[in-house]
> 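Before anything else, here's the structure in question.
We count ligands from 1, going down the list as the structure has it; atoms in each ligand are counted the same way.
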Amino acid sequence: MTTADVVIVGGGIEGAAAAWALSQRGVTNVVVLERSTVGSGMTGKSSGIVRCHYGVSSLAAMATVGLEVFEKSEEIFGADIGFRQTGYVVGVGENDTESLRNSLAAQRAVGVQTEEIDASEVARLWPHADLTPFGAFAWEARGGYGDAYQTAQAFAVAARAAGVRIRQGANVIRLLIDGDRVTGVRLADGTEITAHTVVVATGVWTQEFLVPYGIDVPIRVVREQLVTIAPGVAIGQVPVFSDLVSLQYIRPELGGELLFGNSDLSDVEDANPDDYLNRATEDFVQDTVERVGTRFPGFTDAAITGSYAGCYDVTPDWNPVISRTDVEGLVVAAGFSGHGFKIAPAVGRLIADLVVEGRSSDPRIPETDFRLSRFAEGDLLKSPYPYSGAGQMR
Ligand SMILES: Cc1cc2nc3c(=O)[nH]c(=O)nc-3n(C[C@H](O)[C@H](O)[C@H](O)COP(=O)(O)OP(=O)(O)OC[C@H]3O[C@@H](n4cnc5c(N)ncnc54)[C@H](O)[C@@H]3O)c2cc1C
């Protein structure tokens with residue numbers, strides 16, 4: 001039996017960010033319990049896109065907090081965490097131009113540096129793209145992509161250096177609860193750790209983990225497929241491109257390849273996170289070939305070089321739960337719905353706020369936005385400026 005002030009279950013990027021943020025606040029009697037290794041869950045599958053383009057203001061603000069940490073990573077962590085500031089461009093169709101402009105105004109109001117640019121400027125950034133079907137574009141010079149795995153390691157290393165204990169191979173089999181308050185956790189090896197606060201950051205495994213305690217975090221686990229392509233032409237330095245007409249995102253890879261991901265969230269595929277097909281299906285590959293061919297007609301010699309898949313933990317509004325629960329001392333951070341990398345530094349900070357103060361320290365990021373009870377209340381966290389087809393994530 002050991003004791004800690006805070007136990008964090010799950011050593012993905014959110015658990016690691018929480019440990020780091022707590023250590024920054026002087027809370028270092030913290031134990032992170034990860035049943036495998038740090039970052040080995042869905043964090044290791046992340047596309048790592050970094051942008052602040054969110055219609056939900058609190059998320060836009062969280063993304064700016066994340067960006068500031070990524071930009072200063074050398075200074076903060078003393079290491080390259082894989083952040084590549086390529087810039088980020090998002091293009092929408094005619095029917096979404098008003099939403100885009102309204103969203104940009106709301107983003108600027110919380111400090112996002114973003115601007116509308118025209119097709120001729122996008123053509124300079126992405127010379128191979130057919131831009132004719134787009135109605136408007138937004139540009140974030142500070143956007144790009146990162147490496148979620150490396151970033152999780154950096155959080156863990158920094159937290160450990162501050163005194164946090166990180167135990168890998170530590171499978172938590174149950175919460176210890178006395179009356180209406182959590183008192184600790186039990187591990188598969190029979191040991192128990194007592195703590196006044198337990199943070200559950202178990203990603204796609206969260207719903208199942210919490211059901212025995214009457215806590216329903218409504219999470220649907222869905223499979224997402226990624227395809228890498230050698231474009232067959234020299235593309236030079238290109239930014240991340242979110243194509244909300246063909247509903248795909250394109251990210252440069254080191255070495256000249258491109259990563260294609262899906263932004264069509266209208267027809268998702270349920271999955272078992274412990275047993276899912278870790279490659280793209282023939283249908284998905286075919287669909288990618290068509291979408292790529294439509295957007296990049298000059299890629300006549302393109303070749304598929306690989307594919308893989310990961311799972312999203314999707315809530316009913318495609319936004320996370322970062323919340324206290326009815327069990328005193330129990331905090332949940334899960335349901336990141338495929339966009340939890342870029343906001344992770346802010347998630348860690350909000351968790352630390354909830355643990356230490358019970359409320360958010362950043363007025364742009366009210367903790368109530370992410371409360372678990374919003375689903376039961378029917379008060380979902382949705383963008384006021386949705387885009388057709390891909391609204392939920394932006
Ligand atoms: C394919 C894909 C692409 C993505 N692309 C982007 C993107 O471009 N931009 C972006 O911002 N976000 C993106 N995301 C989302 C982002 O990567 C995730 O939201 C984030 O990594 C989730 O981190 P996590 O810590 O919540 O979960 P995880 O990384 O899954 O960590 C949870 C951890 O909990 C551990 N665990 C579970 N149960 C227990 C237990 N009982 N005891 C101990 N440990 C336990 C697991 O082993 C796991 O390591 C993407 C996600 C995927 C899958």
> Could you tell me which atoms of ligand 1, counted from 1 in the order shown, lie closer than 4.0 angstrom to a heavy atom of Leu33?
43 (C), 44 (N)
> To which protein heavy atom is atom 44 (N) of ligand 1 closest, and what is the distance rounded to 0.1 Å?
Arg35 N, 3.1 Å
> Out of Arg291, Gln225, Gln248, which residue meets the side chain to side chain contact (heavy atoms under 4.5 Å, CB included) rule with Asn262?
Arg291
> For ligand 1, find out whether one of its N or O atoms is nearer than 3.5 Å to an N or O atom of Thr43.
yes
> So if I count the atoms of ligand 1 from 1 in the order they appear, which ones are less than 4.0 Å from some heavy atom of Ile13?
20 (C), 21 (O), 23 (O), 25 (O)
> Got an N/O contact under 3.5 Å between Glu34 and ligand 1?
yes
> Quick one: which of Val9, Val172, Thr37 has a heavy atom closest to atom 41 (N) of ligand 1?
Val172
> Output yes when the distance from some N or O of ligand 1 to some N or O of Asp313 is under 3.5 Å, and no in every other case.
no
> Taking both backbone and side-chain atoms of Leu226, is any N or O found less than 3.5 Å from an N or O belonging to ligand 1?
no
> Is there a polar contact, in the sense of an N or O pair closer than 3.5 Å, between Ala333 and ligand 1?
no
> Within the 4.0 Å heavy-atom shell around Lys45, which atoms of ligand 1 are there?
1 (C), 2 (C), 3 (C)
> Run through Gln107, Gln113, Arg364 and flag the one making a side chain to side chain contact (heavy atoms under 4.5 Å, CB included) with Thr64.
Arg364
> Given His339, Arg167, Gln225, Met42, which has its nearest heavy atom closest to atom 28 (P) of ligand 1?
Met42
> Side chain to side chain donor-acceptor pair (under 3.5 Å) between Asp274 and Trp205: does it pass, once the steps are laid out?
CA-CA 9 Å; Asp274 297 311; Trp205 296 277; 3.0 Å; yes
> Who's the nearest protein heavy-atom neighbour of atom 27 (O) of ligand 1, and how far?
Gly203 CA, 3.8 Å
> How close do Arg371 and Ser323 get, heavy atom to heavy atom, and via which atoms?
CA-OG, 3.6 Å
> Would you say His196 has more than 12 foreign heavy atoms packed within less than 6.0 Å of its NE2?
no
> With a sphere of 6.0 Å drawn around CZ of Arg359, does it hold more than 12 non-hydrogen atoms of other residues, nucleotides or ligands?
no
> Counting non-hydrogen protein atoms only, what is the nearest one to atom 52 (C) of ligand 1? Give residue, atom name and distance.
Tyr312 CE2, 3.4 Å
> Atom 26 (O) of ligand 1: which protein heavy atom is closest, and how many Å away?
Glu14 CG, 3.2 Å
> Among all protein heavy atoms, pick the one closest to atom 40 (C) of ligand 1 and tell me residue, atom and distance.
Asn171 OD1, 3.8 Å
> In ligand 1, which numbered atoms sit nearer than 4.0 Å to a non-hydrogen atom of Phe336?
19 (O), 26 (O)
> Does a sphere of radius 6.0 Å around CG in Asn102 hold more than 12 heavy atoms from other residues, nucleotides or ligands, not counting ones at 6.0 Å or beyond?
yes
> How far is atom 17 (O) of ligand 1 from its nearest protein heavy atom, and which residue and atom is that?
Ser46 OG, 2.9 Å
> Evaluate the criterion side chain to side chain donor-acceptor pair (under 3.5 Å) for residue pair Asp283 and Thr281; output intermediate values, then yes/no.
CA-CA 5 Å; Asp283 282 355; Thr281 60; 5.5 Å; no
> Which residue holds the protein heavy atom closest to atom 14 (N) of ligand 1, what is that atom called, and what is the gap in Å?
Gly338 O, 3.3 Å
> Could you list which atoms of ligand 1 come closer than 4.0 Å to a heavy atom of Ala201?
32 (C), 34 (O)
> Provide, to 0.1 Å, the distance between atom 8 (O) of ligand 1 and the closest protein heavy atom, together with that atom's residue and name.
Ile49 N, 2.8 Å
> With a cut-off of 6.0 Å (strictly less than), are more than 12 heavy atoms of other residues, nucleotides or ligands near CD of Glu253?
yes
> Could you tell me whether a side-chain N or O of Ser58 sits under 3.5 Å from a main-chain N or O of Ile365, the two making a donor and an acceptor?
no
> May I ask you to identify, for Trp205, whether its side chain, its backbone, both or neither come under 4.0 Å of ligand 1 on a heavy-atom basis?
side chain
> Going by the order shown, which atoms of ligand 1 are within less than 4.0 Å of some heavy atom of Ser47?
3 (C), 4 (C), 5 (N), 6 (C), 8 (O)
> Within ligand 1, which atoms have a heavy atom of Phe209 less than 4.0 Å away?
41 (N)
> Which of the numbered atoms in ligand 1 are under 4.0 angstrom from any heavy atom belonging to Ala170?
42 (N), 43 (C)
> Where do Asp353 and Asp362 come nearest, in terms of heavy atoms and distance?
OD2-N, 4.5 Å
> Once you round to the nearest 0.5 Å, how far does CG of Leu258 lie from CD1 of Ile229?
7.5 Å
> Would you say Phe341 has any N or O atom under 3.5 Å from an N or O of ligand 1, going by distance alone?
yes
> Would you please classify the geometry between the Trp126 ring and the Phe241 ring as parallel, tilted or perpendicular, with 30° and 60° separating the classes?
tilted
> Might you point out which heavy atoms bring Trp20 and Ala158 nearest each other, and give the distance in Å?
CD1-CB, 3.5 Å
> Looking at CG of Leu59 and OG of Ser383, how far apart are the two atoms once the value is rounded to the nearest 0.5 Å?
9.5 Å
> Judged by non-hydrogen atoms, does Ala148 sit under 4.0 Å from ligand 1?
no
> Kindly confirm or rule out an N or O of Cys311 lying under 3.5 angstrom from an N or O of ligand 1.
no
> Which atoms form the tightest heavy-atom contact between Leu354 and Ile322, and what is the distance?
CD1-O, 3.7 Å
> Are any of the N/O atoms in Gly39 less than 3.5 Å from those in ligand 1?
no
